[in-house]
Enquirer: 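One structure, as structure tokens, below. Some questions next.
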Amino acid sequence: MSTPKTWGGRSAVERRTERRQRLITAALEIWRENGWPAVTIRAVCARTSLNDRYFYETFTDRDELLGAAWESVRDDMLEALATAFEDNLDRPLHEIVRIAATVVTDRMSADPAYSRILLLHHAGSPALEACRVSAMRLTAGLVVAGALRVLGPAADERALHMDAIIGVGGFVELITAWQSGLLDCTASEIVDHTVRLVSTFSLDHAAAFARREAAVDK
């Protein structure tokens, strides 16, 4: 049985994985500095000192690289939000929402370029717009799953999903307006407003459940 060849103590798979990460890191650096249109195959290869043979070893084209770079930022945020939900499920819903919203605003405040990559509409790039739509669905699903664990299985999941889409979409636009300077407010005001909105939604769901129970009793 042949053994995988190594170079510098690393296998071919390890070297390929390292090159892929270097290309993604370079793409994000260029994106932060000059926006996504500046992320070209030539630019990332120049920054990493890799020739385009190594680029095409990992990515089929520029769009695939942009998607991978964007998804790395998305996954980082979703992981932080999932942790916020999982670590605080014993708390009331409004406290969980406050913690999750604070995670987002703290991350965006500390790194505005992170916000621009993750939240802005990327007009001119269908691949990135598709990534953004996918992230909205994933985040809404995360919100629904967290809400069901707090509200219980009797909650109206369909209504929760609609509220989650409205809430996530509105929150994204709120953060975008804040980061772009169109909205003059503080991070804590955004968190407070989000908590009030979600509290209103949860009261509506509780009232709807009570009405359904009353109808059944009749």
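Sequential numbering from 1 along the given sequence is applied to the chain's residues. Just so it is clear, the model here is predicted, and its values are computed rather than measured.
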Enquirer: Could you measure the distance from the NE2 atom of His94 to the CG atom of Leu197? Nearest 0.5 Å is fine.
Expert: 15.0 Å
Enquirer: For Asp192 and Arg98: C-alpha separation, side-chain torsions, deciding distance, then whether salt bridge (charged side-chain N to carboxylate O under 4.0 Å, His left out) applies.
Expert: CA-CA 7 Å; Asp192 289 343; Arg98 181 173 295 280; 2.8 Å; yes
Enquirer: In Å, rounded to the nearest 0.5 Å, how long is the span from CG of Leu65 to OG1 of Thr58?
Expert: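 That separation rounds to 9.5 Å.
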Enquirer: Once you round to the nearest 0.5 Å, how far does CZ of Arg116 lie from CE of Met108?
Expert: 11.5 Å
Enquirer: Could you give the distance from CG (Leu119) to CD (Gln179), rounded to the nearest 0.5 Å?
Expert: 8.0 Å
Enquirer: Are Ile175 and Leu183 joined in one hydrophobic group, where the rule is that I, L, V, M, F, W and Y side chains link up if heavy atoms are under 4.5 Å apart?
Expert: yes
Enquirer: Under a 3.5 Å distance rule, please check whether His122 uses its side chain to pair with a backbone N or O of Ile117 as donor and acceptor.
Expert: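 A pair under 3.5 Å: yes.
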Enquirer: What are the two closest non-hydrogen atoms of Gly169 and Met136, and how far apart are they?
Expert: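 Nearest heavy atoms, Gly169 then Met136: CA-CE, 3.3 Å.
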Enquirer: Return yes if some donor-acceptor pair links the side-chain N/O of Thr200 with the main-chain N/O of Arg196 below 3.5 Å, else return no.
Expert: yes
Enquirer: Identify, with sequence neighbours excluded, every residue that meets side chain to side chain donor-acceptor pair (under 3.5 Å) alongside Ser72.
Expert: none
Enquirer: Look only at the side chain of Glu95 and the backbone of Pro92, and say whether a donor-acceptor pair between them is shorter than 3.5 Å.
Expert: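 Pair absent, no side-chain N/O of Glu95 close to backbone of Pro92.
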Enquirer: How close do Ser109 and Ala187 get, heavy atom to heavy atom, and via which atoms?
Expert: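 Looking at all heavy atoms of both residues, the shortest contact is OG-CB, 4.2 Å.
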Enquirer: Shared ILVMFWY cluster between Leu23 and Tyr56, side chains joined below 4.5 angstrom?
Expert: yes
Enquirer: Which heavy atom in Trp70 sits nearest to a heavy atom in Cys131, and how many Å separate them?
Expert: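 That closest heavy-atom pairing would be CH2-O, 3.1 Å.
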Enquirer: When rounded to the nearest 0.5 angstrom, what distance separates CD1 in Ile165 from CG in Leu160?
Expert: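 Rounded to the nearest 0.5 Å, the CD1-CG separation comes to 11.5 Å.
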Enquirer: For Arg62 and Val39, which heavy atoms make the closest approach, and how far apart are they?
Expert: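 Taking Arg62 first and Val39 second, the nearest heavy atoms are NE-O, 2.6 Å.
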Enquirer: List the atom of Ala84, the atom of Ala100, and the distance in Å for their closest heavy-atom pair.
Expert: CB-CA, 4.3 Å
Enquirer: Would you check if Arg16 and Glu57 make a side-chain contact, meaning some heavy-atom pair closer than 4.5 Å?
Expert: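 With C-beta onward as the side chain, the pair touches.
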Enquirer: With respect to Thr25, which candidate in Arg22, Gln21, Glu29 satisfies the side-chain hydrogen bond (donor to acceptor under 3.5 Å, both in side chains) definition?
Expert: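 When Arg22, Gln21, Glu29 are each tested with Thr25, the side-chain hydrogen bond (donor to acceptor under 3.5 Å, both in side chains) holds only for Gln21.
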Enquirer: Is the number of heavy atoms from other residues, nucleotides or ligands under 6.0 Å of Asp184 CG greater than 12?
Expert: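 Open: at most 12 neighbouring heavy atoms sit under 6.0 Å from CG of Asp184.
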Enquirer: As an exercise, state the distance from CG of Asn88 to CZ of Phe85, rounded to the nearest 0.5 Å.
Expert: 9.5 Å
Enquirer: Can you get from Leu50 to Trp31 by hopping between Ile, Leu, Val, Met, Phe, Trp and Tyr side chains that sit under 4.5 Å apart?
Expert: yes
Enquirer: Would you say Thr194's side chain and Ile190's backbone share a donor-acceptor pair under 3.5 angstrom?
Expert: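 Indeed, once roles are kept as given, a pair shorter than 3.5 Å links the two residues.
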Enquirer: Which atom names give the shortest non-hydrogen contact between Leu128 and Leu66, and what distance separates them?
Expert: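 Of all heavy-atom pairs spanning Leu128 and Leu66, the closest is CD2-O, 3.8 Å.
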Enquirer: Do Arg137 and Val133 have side chains that get closer than 4.5 Å, going by heavy atoms?
Expert: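 Yes, close enough: below the 4.5 Å cut-off.
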Enquirer: Compare all side-chain heavy atoms of Phe171 with those of Thr139 and state whether any distance is below 4.5 angstrom.
Expert: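 Not touching, per the 4.5 Å side-chain cut-off.
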Enquirer: Are Ile24 and Tyr114 joined in one hydrophobic group, where the rule is that I, L, V, M, F, W and Y side chains link up if heavy atoms are under 4.5 Å apart?
Expert: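 Yes, it is one cluster - the side chains of Ile24 and Tyr114 are joined through contacts under 4.5 Å.
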Enquirer: Taking Val195 as the starting point, is it possible to reach Ile99 by hopping between hydrophobic residues whose side chains are less than 4.5 Å apart?
Expert: no
Enquirer: Counting distance only, does the side-chain N/O of Arg74 pair as donor-acceptor with the main-chain N or O of Leu118 below 3.5 Å?
Expert: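 No: the side chain of Arg74 does not pair with the backbone of Leu118.
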Enquirer: Restricting to ring pair (Phe, Tyr, Trp, His ring centres under 6.0 Å), what partner residues turn up for Phe59, sequence neighbours left out?
Expert: Phe55
